[in-house]
Novice: 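Sharing a structure, written as structure tokens. Questions coming.
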Number of protein chains: 2
Amino acid sequence: MLTRKQHELLRFIQTRLDETGISPSFEEMKDALDLKSKSGVHRLISALEERGFIRRLPNRARALEVLRRADEGGQTTAPAANSNVVPFARPEAAAPAPAADVIEIPLHGRIAAGVPIEALEDQAILPVPAALLGAGEHYALEVSGDSMIEAGILDGDFALVKRTEIANDGEIVVALVRGEEATLKYLRRENGMIRLDPANAAYEPQIYAADEIKVQGKLAGLLRRYFH
Amino acid sequence: MLTRKQHELLRFIQTRLDETGISPSFEEMKDALDLKSKSGVHRLISALEERGFIRRLPNRARALEVLRRADEGGQTTAPAANSNVVPFARPEAAAPAPAADVIEIPLHGRIAAGVPIEALEDQAILPVPAALLGAGEHYALEVSGDSMIEAGILDGDFALVKRTEIANDGEIVVALVRGEEATLKYLRRENGMIRLDPANAAYEPQIYAADEIKVQGKLAGLLRRYFH
DNA sequence: CTTAATTGTTCTCAGAATGTTCACAAGTGG
DNA sequence: CCACTTGTGAACATTCTGAGAACAATTAAG
């Protein structure tokens, strides 16, 4: 149904939409596919549209919409966005071939440790029941500190985080502060500012300018281990 | 589907409606987006309307309505009638060879529900990362109630329990009281009696004769799911 | 009813960002 | 060889964003 390049582009658009909610521009798609001209992207977009995988508004910037998803290899079939999702080709089992209902996600280190997440190399891999997660890309962090203790999140727990830059008020997010420090906190917006609320009366809410905070994911699950 | 600014505005409108129920005015949206002119807002609103994300009444003040949310899920996650359906049900029992580091344990139902655990047939199976558990036989229970909230165990969490009748003071155990009721509590012994301590100041510790209590297992792990 | 305040609408100017199209070249498979 | 896809480069067209101001519509107050 789709050529290699078309499929690659469709998958890029999907994840971009899932994670940021903002359509990529032709320029961005060009870079993502490692092309040097936008016209190639234009042809691929036209092909995808012709085949009914995406919809678009002509002459409008960043106005793409995915109608049929390319199947996420290895991931849970995304029930997510569109109700008229038609699961597409199921690629032959992704390389690591985990059990059907288990997803393997990278463990990126500890959070609230003063280090941006991206900087950490991931070595450990944590298998997680698929039922615990929704669609999308996830990763795990070990929680450090007791700032979220009243939300039932304890020191040493493993937070399962869905990678996204989108979050609603009141959700627990991984927030990167001034590109330096990653924390797990309740997110709340107040007239242009962003407030990070801990769940511990001993800590104070912190207020930042919107451009000081980058949301890197939202809390999707939690694992805890009691060692006896 | 949306440009950065369109997305930003849509999200602002959403949270404003969620939190106050009142549409923002153009002036307020202008400030929220850090603009100095309302005309920009007007164009963004038109774009959002054209793309079907909002609806509005022309020439009416604060008459916005969000049709499609900016969120990834987009759709208003179907209310899904039964709130206490265990989402782990897996029809095919055809053991699909779990990955090496995954253990499959039975899900026995809810605890603190007034029913002895043994009585429940187990249908659902929960795959769990082996790293979370030690040696021994394990099973899972869905936690009901808030009596262990101060131990970071919330209603709806899944407790991973190691089957054993031996437990030390201070450990969290599944205790069967008079053969009738199973509860998750801190175990403590006091001169021949057994005390079950909740982790919630609103509940009282309960004291029983030693032969009224049977330990059915000790808490070995915890899973939680956040649905967004 | 008149006035004032609030709010929404439209227009113009300008630069940046983005999408569209065409011509040409190269690779692939039947 | 042909049909088709892919890649490149550049010119071109349109949209997007931001600002400022004038004006219209609606609402609240006197």
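Below, chains carry the letters A, B, ... as their sequence lines are ordered, and counting in each starts from 1.
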Novice: Measure from the side-chain heavy atoms of A/S37 and tell me the nearest of C/dG19, D/dT8, D/dT26.
Specialist: D/dT8

Novice: Which nucleotide sits closest to the side chain of B/R56: D/dT8, C/dT9, C/dT18?
Specialist: C/dT9

Novice: Decide whether B/Y203 and B/D146 meet the rule of one side-chain donor and one side-chain acceptor closer than 3.5 Å.
Specialist: yes

Novice: Hey, does B/G40 reach any base, or is it just sugar-phosphate, or nothing, if we go heavy atoms under 4.0 Å?
Specialist: nothing

Novice: Categorize B/R4 for me: base, sugar-phosphate, or nothing, with a 4.0 angstrom heavy-atom threshold over every strand shown.
Specialist: nothing

Novice: Nearest to the B/K36 side chain among D/dT5, D/dT26, D/dG20, which nucleotide is it?
Specialist: D/dG20

Novice: Separation of B/L57 atom CG from C/dT7 atom C1', in whole Å?
Specialist: 14 Å

Novice: Grab the NZ-C1' distance between B/K38 and D/dC23 for me, whole Å please.
Specialist: 11 Å

Novice: Counting only side-chain N and O atoms of A/N59, is one of them less than 4.0 Å from OP1 or OP2 of C/dT20?
Specialist: yes

Novice: Under 4.0 Å between a side-chain N or O of B/H42 and OP1 or OP2 of C/dT9?
Specialist: yes

Novice: Tell me the interatomic distance from B/L9, atom CG, to D/dG18, atom C1', rounded to whole angstroms.
Specialist: 15 Å

Novice: Do side-chain atoms of A/T20 reach the backbone of A/L17 as a donor and acceptor pair under 3.5 angstrom?
Specialist: no

Novice: Take a 6.0 Å sphere around NZ of B/K5 and say whether it holds more than 12 heavy atoms from other residues, nucleotides or ligands.
Specialist: yes

Novice: Given the structure, check if the side chain of A/S25 and the base of C/dG19 hold any donor-acceptor pair shorter than 3.5 Å.
Specialist: no

Novice: Would you check if there is a donor-acceptor pair between the side chains of A/R62 and B/Q6 at a distance under 3.5 Å?
Specialist: no

Novice: Find the distance B/L44:CG to C/dT9:P and express it as a whole number of Å.
Specialist: 14 Å

Novice: Calculate the interatomic distance between A/E49 atom CD and C/dG19 atom C1'; express it in whole Å.
Specialist: 13 Å

Novice: What's the closest nucleotide to the side chain of A/K5 if the choices are D/dG18, D/dG7, C/dG8?
Specialist: D/dG7

Novice: Heavy atoms from C-beta onward define the side chain here; which of D/dT8, C/dG19, D/dT17 lies closest to that of A/R43?
Specialist: D/dT8

Novice: Hey, are B/Y226 and B/R224 close enough side-chain-wise for a donor-acceptor pair under 3.5 Å?
Specialist: yes

Novice: Could you tell me how far apart A/E27 (CD) and D/dA10 (C1') are, to the nearest whole angstrom?
Specialist: 13 Å

Novice: Ignoring backbone atoms, test whether A/R60 places a side-chain nitrogen or oxygen under 4.0 Å from the OP1 or OP2 oxygen of D/dC16.
Specialist: yes

Novice: Starting at CZ of A/F26 and ending at P of C/dA16, how long is that distance when rounded to a whole Å?
Specialist: 22 Å

Novice: Among the nucleotides D/dG20, C/dG8, C/dG19, which one has an atom lying closest to any side-chain atom of B/R62?
Specialist: C/dG8

Novice: State the CD-CG distance between B/E49 and B/L67, to the nearest 0.5 angstrom.
Specialist: 9.0 Å

Novice: Could you check which of D/dT17, D/dG7, D/dT5 has an atom nearest any side-chain atom of A/T3?
Specialist: D/dT5

Novice: Could you check which of D/dC16, C/dC11, D/dT8 has an atom nearest any side-chain atom of B/S39?
Specialist: C/dC11

Novice: Expressed as a whole number of angstroms, how long is the span from B/I45:CD1 to D/dT17:C1'?
Specialist: 15 Å

